[in-house]
**Q** 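One structure is given below, represented as structure tokens, and several questions about it will come after.
Below, chains carry the letters A, B, ... as their sequence lines are ordered, and counting in each starts from 1. These numbers were taken from a predicted model, which means no experiment stands behind them.
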Amino acid sequence: MDKSYRPEELEQRIYERWEERGWFAPQGDGEPYCIMIPPPNVTGTLHMGHAFQDTIMDALVRYHRMRGFRALWQPGMDHAGIATQMVVERLLNNEGTSRRDLGREKFVERVWQWKEESGGQIARQTRRLGASVDWSRDRFTMDEGCSAAVSKVFVDLYDEGLIYRGKRLVNWDPVLHTALSDLEVLAEDEPGNLWHFRYPLASGDGHLVVATTRPETMLGDSAVAVHPDDERYSALVGQEIVLPIVGRHIPIIADDYVDPEFGTGCVKITPAHDFNDYEIGRRHDLPMYNILTDDATLNDEVPVAYRGLDRFVARERVVEEFRELGLLEEIEDYTVKIPRGDRSHAVVEPYLTDQWYVKIEPLAKPAIEAVESGRIRFVPENWSKTYFEWMYNIQDWCISRQLWWGHRIPAWYDTDGNVYVGHDEDDVRQRNDLDKDVVLRQDDDVLDTWFSSALWPFSTLGWPGQTESLDEFYPGNVLVTGFDIIFFWVARMIMMGLKFMGDVPFREVYIHGLIRDQDGQKMSKSKGNVLDPLDLIDGIDLESLVAKRTAGMMQSHLAPKIEQATRKHFPDGIDAYGCDALRMTFSSLATTGRDIRFDVGRIEGYKNFCNKLWNAARYVLMNTGSLDEGDLELSPADRWIRARLDETTRAMHRHFAAYRLDLAAQAIYDFTWHEFCDWYLELSKPVLQADESSPALQRGTRRTLIETLEAILRLLHPLVPFITEEIWQQVAPRAGIEGDTIMLRPYPESDENAGDEAAIADIEWVMQFILGIRQIRGEMDISPGKALPVLLQHPDADDRDRAARLVLLLRRVGRVESVAMLEEGTEPPAAATALLGEMRLLVPMKGLIDVAAERARLDKQMDKTRAELAKASGKLANENFVNNAPAAVVTQERERVAEFERTITQLAEQLQKLDELA
RNA sequence: GGGCGAUUAGCUCAGGGGUAGAGCGCCACGUUGACAUCGUGGAGGUCGGUGGUUCGAAACCACCAUCGCCCACCA
């Protein structure tokens, strides 16, 4: 092995081998285990969130695969209708052409072409992340199979009356010219105004005052509403208003919706351009005046002067005209919620159009029940609340989009406008007995991207076919995803899964946090704070990073700021940390919280960990060259590390079961570094290097070294797959293990008989001993190379026994020159002291030790111990504590007090001695 | 307006009714035959505030403060 760990050299090579050998496909005949990848958008590239998510899923899949499950991690991508169409349209714009120039067919062809390039990029990234997905099953939401699933679901739901077409108010994106679902609209607070208008009564007898945030919609008003119990206006209900500018007579109506406390208590009603007004309009059978075009300019429904105006221009003009008419009462500053499309960021209009809807309530009911009953469990549990909250108030789902990229809606119209639904035109004709001469035209619209995503858990397994894969892998075990798509995706998969498969799509939903930047900001292109996971793996120099972050920006004026921030945060660019370090970082960040600040500082520590493991392996390999057969004796250190390994193994299983990758990462990190490397490797050296250790003992240690390392590699493999594979290839033959790859070896299981109290007690004693000596050395500034003589004062039988048996460890690891007993009654020499239970370790001073320094050191210990003692004895002095606390706690407290008292006595004696010396 | 979450060392975060933890950073020492991407020792916290429950609260409860997120039709 090379002297240092170089991830760039090994990661790609190893992945290629895994893939070539087909090891990502489900193996063996164990119980199935299945995770569906949340398909990334073909648009763009994988970001930190994907890398994080992939790390979690890969760890889970590898863990289960190693445990003998037939593990499937199903890969694939999403066609991402709007997002993809926008990207390709932008490309076309740059080429000086447009979607409309190309026409539908050519445009869609162009998108497919682009999808190949972009999808390839994502697949490459996924491979670099080490994801053990079964590429042979790679799917795309618009491939043939998924499309067949979409078609079947649409037709079936339609036949059952659960899909319908209707003219209603929808969220209309006037830039993209498409309807959006409620979820795709984001309401943001923006500063605006509240305009107060006078509406004259038709009787000529005064006016009412209405307030509005959208003056231009008054051109479409069809009523003014007041609260039925509002005495101020009860006499006016039933009378009419003359709508200014328009001249239309509109009624004054009474409706509960109106809040008499707000404004004047009068509300203008525009049924065709406001969701509330729409409902009121329906209740009161009001006419609906649609005054907008698809572009949100004013149409011919309005007075000539306003026709063709942009809605915002019209707003100003309406206000101006009210002012001129003397009907403008007041303009208030007011914060308004502006609905914007999540993709285009355009201000969305409520707009009357024909759209397709899924009647959601019959689907939502069983989906709610599935979570209530525990058939699906959210991890952490809290998220089920979020789920319920949305599901209880769910609205019908608008599934049609006026786009070209997506699944075309399987509906056809005849020339009379009758609609027929079927899998294709032939199917439609057959179902409806339509003659060949009836002209049919397919619906131009496509389906919401999430419609096909909702089918992902079974469409990828071959549905609507009855496949073996479906039998085997549906339902999946766990869905790993972010909370941001619980509504978009999780809820809809549950509904569709229950409806079409008769079972939940997965049993657990593991919700992870969002990756944010070092300041807690969401990573976004426009903020210029995105990190490409591959840059953390391969490294990137500062100039390239700046260039990357400022390239192709929509708002180029932000570039200087981004450049400045980038130079500040990454003055030297980003080092190459390798995939394993990145993954270990993600794992350790996978806590239960909501958002995760990604601090580049942390990844370095995990690269060091990899290097540590690498070098530990080198040491083990160097020392296990000759694993000869023969008698084998395990030393206390061997038995101790085996016991500790078992405890760690137990912890790993526990943490995986609870989806606590952070705790798993920490447990194995601590064991590897702080127990195996810091202690066991050091303790092994005396055995292997000293002449006095027997061949059997040496064999025992060699075996323990190699076996423990091999187990560590397997414990770590789901988290850091590459380095563990690379080392394992060297280690396995030494350990006498057959097998081509670590990824198909069994995950370590704990062993009930691994506990070894005696060995643990021995080694803990050794550790305390050595720590005591090191502390003296460190604080007394004694050179680490200087071997120290140690006298044991007041040793008991165990101490004497251990000192005799384990002296080699003390000498070599603790750099102790000699260990001698101070006979009882003998006056101890002036010495620095460490305490080990009842026993005192004395390091005679003889010029080695500075009396003042030792004094200061002991004083410090004394202060600490006295403080502890005060606390503990205070507790025991409280009779409530003694009477009420559990006996074990009281006993423990008494023991602590005794211990502190002993320590204080000993320290006092030592201080006394120093005084005598001075 | 509802709902959820966070507040622990300089930074990033675990923990959890009885002894305050890690990594990074910081200070000192160190070329010990795996590793300077390292080793050894050390400094550093009244666990956001107030009150309550309890023998005992950093942890449980209530309220408050600050920050954040989600949902919602007050024009």
**Q** For B:rG5, does either OP1 or OP2 sit under 4.0 Å from a side-chain N or O belonging to A:Lys385?
**A**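 No, A:Lys385 has no side-chain N/O under 4.0 Å of OP1/OP2 on B:rG5.
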**Q** Taking only the side-chain nitrogens and oxygens of A:Thr591, find out if one of them lies under 4.0 Å from OP1 or OP2 of B:rA14.
**A**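 Yes, because at least one side-chain N or O of A:Thr591 sits under 4.0 Å from OP1 or OP2 of B:rA14.
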**Q** Less than 4.0 angstrom between a side-chain N/O of A:Arg602 and OP1 or OP2 of B:rG23, yes or no?
**A**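 It does not, given that no N or O in the side chain of A:Arg602 lies less than 4.0 Å from OP1 or OP2 of B:rG23.
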**Q** Measuring only between side-chain heavy atoms, which start at C-beta, is A:Leu531 closer than 4.5 Å to A:Phe570?
**A**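 Of all side-chain heavy-atom pairs linking A:Phe570 with A:Leu531, at least one is under 4.5 Å.
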**Q** Tell me what A:Trp673 touches on the nucleic acid: a base, only sugar-phosphate, or nothing, going by heavy atoms under 4.0 Å.
**A**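 Sugar-phosphate: the residue A:Trp673, judged by heavy atoms under 4.0 Å, touches backbone atoms but no base.
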**Q** By the 4.0 Å heavy-atom rule, please label A:Glu682 as base, sugar-phosphate, or nothing.
**A**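 The answer is base, as A:Glu682 lies within the cut-off (heavy atoms under 4.0 Å) of a base atom.
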**Q** Report yes if at least one side-chain N or O of A:Lys612 is closer than 4.0 Å to OP1 or OP2 of B:rG39; otherwise report no.
**A**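 It does, given that an N or O in the side chain of A:Lys612 lies less than 4.0 Å from OP1 or OP2 of B:rG39.
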**Q** Has the side chain of A:Asp255 got a donor or acceptor atom that lies under 3.5 Å from a matching backbone atom of A:His227?
**A**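 Checking the backbone N and O of A:His227 against the side chain of A:Asp255, no donor-acceptor pair under 3.5 Å is found.
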**Q** Answer yes or no: side-chain N or O of A:Lys685 and base N or O of B:rA34 forming a donor-acceptor pair under 3.5 Å.
**A**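 Under the 3.5 Å cut-off, the side chain and the base do form a donor-acceptor pair.
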**Q** What nucleic acid atoms does A:Arg896 come within less than 4.0 Å of, heavy atoms only: base, sugar-phosphate, or nothing?
**A**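 Base contact.
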**Q** In dot-bracket notation, what is the pairing pattern of RNA chain B, taking Watson-Crick (N1-N3 plus N6-O4 or O6-N4) and G-U wobble (N1-O2 and O6-N3) contacts under 3.5 Å, with [ ] crossing and | for other strands?
**A** (((((((..((((....[..)))).(((((.......))))).....(((((..]....))))))))))))....
**Q** Where the side chain of A:Phe483 is defined as all heavy atoms beyond and including C-beta, which of B:rA34, B:rC38, B:rC69 is the nearest nucleotide?
**A**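 The answer is B:rC69.
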**Q** Would a 4.5 Å heavy-atom cut-off, applied to side chains only, mark A:Met218 and A:Tyr199 as touching?
**A**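 In contact.
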**Q** Name the nucleic acid region contacted by A:Leu663, choosing base, sugar-phosphate or nothing; use a 4.0 angstrom heavy-atom cut-off, strictly under.
**A**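 If one applies the 4.0 Å heavy-atom cut-off, A:Leu663 turns out to touch the sugar-phosphate alone, with no base involved.
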**Q** Do A:Trp383 and A:Tyr387 have ring centres separated by under 6.0 Å?
**A**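 No; A:Tyr387 has its ring centre 6.0 Å or more from that of A:Trp383.
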**Q** Do any side-chain nitrogens or oxygens of A:Asn615 fall under 4.0 Å of OP1 or OP2 in B:rC38?
**A**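 So the side-chain polar atoms of A:Asn615 never come under 4.0 Å of the phosphate oxygens OP1 or OP2 of B:rC38.
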**Q** Taking for each residue the nucleotide of RNA chain B with the nearest heavy atom, is it A:Trp390 or A:Cys610 whose nucleotide lies nearer the 5' end?
**A**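 The answer here is A:Cys610.
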**Q** Classify A:Arg857 by what it touches in the nucleic acid, base, sugar-phosphate, or nothing, heavy-atom distance under 4.0 Å.
**A**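 Contact class for A:Arg857: none.
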**Q** Looking at side-chain heavy atoms only, is the closest gap between A:Arg492 and A:Leu183 below 4.5 Å?
**A**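 A side-chain contact exists here, since the closest heavy-atom pair is under 4.5 Å.
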**Q** Is A:Asn883 touching bases, backbone alone, or none of the nucleic acid, heavy atoms closer than 4.0 Å?
**A**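 A:Asn883: no heavy atom of the nucleic acid under 4.0 Å.
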**Q** Could you give me the CA-CA distance, side-chain angles and deciding distance for A:Phe598 and A:Phe586, then say whether ring pair (Phe, Tyr, Trp, His ring centres under 6.0 Å) is met?
**A** CA-CA 9 Å; A:Phe598 192 89; A:Phe586 281 135; 5.6 Å; yes
